[in-house]
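First the structure, in the form of structure tokens, and then the observations on it.
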Protein chains: 2
Amino acid sequence: MYLPTIKQLQYLLAVVELRHFGQAAERCFVTQSTLSSAIQELETLLGVQLLERTKRKVLPTPMGLELAEQARKILKISFNIIELSNSSKKPLCNEVRLGVIPTIAPFLLPKVLLPLHQAFPELSLLLIEDQSALLMKRLESGEIDCAILALPYPTEKLACQLIGEESFWVAMPEGDPLTKKCKISAAELPMERLLLLEEGHCLSDHAMSACGGSEVKVLYQGSSLYTLIEMVAWGQGITFVPAMALESPLLKHAKIELRPLDEPTPHRQMALVWRATSYQKNNMLVLADKLAELMAI
Amino acid sequence: MYLPTIKQLQYLLAVVELRHFGQAAERCFVTQSTLSSAIQELETLLGVQLLERTKRKVLPTPMGLELAEQARKILKISFNIIELSNSSKKPLCNEVRLGVIPTIAPFLLPKVLLPLHQAFPELSLLLIEDQSALLMKRLESGEIDCAILALPYPTEKLACQLIGEESFWVAMPEGDPLTKKCKISAAELPMERLLLLEEGHCLSDHAMSACGGSEVKVLYQGSSLYTLIEMVAWGQGITFVPAMALESPLLKHAKIELRPLDEPTPHRQMALVWRATSYQKNNMLVLADKLAELMAI
DNA sequence: GTTATTAATTGTTAAAATCGATTGATGTAT
DNA sequence: ATACATCAATCGATTTTAACAATTAATAAC
């Protein structure tokens, strides 16, 4: 099935509007012969006469007028396509679908969203909160464009840019014996009282391995940091919290005490990851840089 | 300003729908390399990435999806264009704007319209009644496609096909002295009593010249054949009527007598005329033939 | 590791688009 | 009437483009 070309339709429209081959050719930046043969070709393709040529004037047939109308529509859409693609050329001016893991999201997002919007007013962030493994799946399927994860995490084939680092603190009930110490060393931690997030949350793994105690048996119980903190406040045990959480109002008002850990301070790294092939790859470095800058404050 | 081509958009749409270059190429009846480079070209033209290619799958970017949507619209219109032009290829299936002079219209049209519609059910006739000179102008400007005129008439540059011929009769008041004769010769006509249509109607000229009396002074008075007949019935004078008018109920019920003219019978020819360049030129011969056939009955 | 799949790439050929110049037909002005 | 100007079609040459077949490089599956 042969279709007319946009060029042919463009030429036709010009002739129908100007009623003059020469002028139409000029408007289209081609010679009259080019335009003339293009329109003949269109007529041949469609098997329909579109213009009546008397030597002195050009008279569009009803079919010519009708096709010019259709041509107008097609050209409008074509220009719209150009517009659309031009409007998306500034950095971070379009929609970015960002996944964030639950142990980062509630502390990071309140801090960065507003300044991010100010830095990139045309950026539209679509946020998804989920655990690392699920975010990876969504990334791969194209459901999201990028994700903020805690490293180390197996990120094969993904591009990755560090955006910050934070140490872990220990949260304990008020009046706990441990509160007497200003800094706590990993060896002093009462592993039997350790409360951790349920499986799937990387925070627990990171904290544990950072303390060297990956073979210790612990109870995975909390489904979110918030409930975990509540449990600590009620005296059920102790847990790790990431440094960023310290500023959170939730922790500030909980009846808990917080202590840093001794050198070498256990910590996790936060990174923005994306498909190496992502159409957003140019934007991603910009975004990661901005995030790093905002987190450093 | 460079625009995408319909082909590029077609290829893009195929890939977006099938998520597979090879299959998309097959659907478009081109090789994979052709399709592949066409889409790259489109991306380069727009300066926007439309597809993410991981070796194992193709993932349209949001922009790719959006453009596919626009492509769908454009292709729909394109196919519609093909449709439109195909639907107008049968003979006399479209709109034909036909002009008819006032001294032919009221007698010819009732006779031919219904059979014409039966012969060409898809033909849509748009009728315009006007004097020859004005019809010529409208023809030239493209306002109408063809006209039925009485010859002789200067029809330079127009294509022309005879569709019939009719002799003139003389109409006179009942009981007029002339009624005693069965046939009237031109010489016997009382020129001083001749009533004719006002200037612009060719009927008068034709009748007069047919009778050889073009230099005779006559009163042009009637603005239509109907009023002219009324004047004759009231005894104001005599006039010519074309043979086709004899069957008209208007003449049958008027208080007038009708007589034919002697050999050589004065007559006029009726013809269909159109611009030689008309896009309808192929239809015109068909139409003229049908009209001639219907008038001969 | 090996094989199969997939899109990009390369080199070649055929097709087309475009141009410049000319032609032929048609009004217009002298 | 005659010369002139205008306009779209046509022709021939050149450049550009489109398309193909074959190959390559990367990846996933076995």
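Sequence lines set the chain letters: A, B, ... in the order given, protein chains first and strands last, and positions in each chain run from 1. In this text the structure is predicted, and so the values were computed from the model without any measurement.
Within the 3.5 Å criterion, the main-chain N or O of B:Y279 finds a donor-acceptor partner in the side chain of A:E52. In terms of modelled atom types and a separation under 3.5 Å, the side chain of A:T61 and the main chain of A:L50 share a donor-acceptor contact. Judged by distance alone, with hydrogens and angles left aside, the side-chain atoms of A:R275 form a donor-acceptor pair with the main-chain N or O of A:L139 at under 3.5 Å.
The residue among A:G22 and B:T31 whose nearest nucleotide of DNA chain D is located toward the 5' end is A:G22. Both B:H20 and B:T34 sit near DNA chain C, but only B:H20 has its closest nucleotide nearer the 5' end.
The listed nucleotides are C:dC19, C:dT9, D:dA19; the one nearest the side chain of A:V30 is C:dC19. When distances run from any side-chain atom of B:K7 to the nucleotides D:dA19, C:dC19, C:dA7, the shortest one goes to D:dA19. Closest to the A:Y11 side chain, of the nucleotides C:dT18, C:dT9, D:dA8, is C:dT18.
Rounded to an integer number of Å, the gap from B:Q32 CD to D:dA26 P is 16 Å. C:dA17 atom C1' lies 15 Å from atom CD of A:Q10, rounded to whole Å. Atom CG in B:L51 sits roughly 13 Å away from atom C1' in C:dA8 (whole-Å rounding). Look at CZ on A:R53: it is 9 Å from P on D:dT10, rounded to the nearest Å. Atom pair B:L35:CG and C:dA7:P shows a separation of 10 Å (rounding to whole Å applied). Taking atom CD of residue A:Q23 and atom P of nucleotide D:dC7, one finds them 7 Å apart after rounding to whole Å. Atom pair B:F29:CZ and D:dA19:P shows a separation of 14 Å (rounding to whole Å applied). For the pair B:E26 CD and D:dC20 P, the computed distance is 13 Å after rounding to whole Å.
Contact check on B:R72 versus B:E17 returns a salt bridge, with a Lys/Arg side-chain nitrogen under 4.0 Å from an Asp/Glu carboxylate oxygen.
Within residues 38-47 of chain A, the residues approached by DNA chain C to less than 4.0 Å at the level of any non-hydrogen atom are A:E41, in residue-number order.
Residue B:S33 has no polar side-chain atom (N or O) positioned under 4.0 Å from OP1 or OP2 of D:dC20.
The side chain to side chain donor-acceptor pair (under 3.5 Å) test applied to A:Q161 returns no partner, not counting sequence neighbours.
For the residue pair B:L46 and A:S85, the shortest heavy atom distance occurs at CD2-OG, 3.5 Å.
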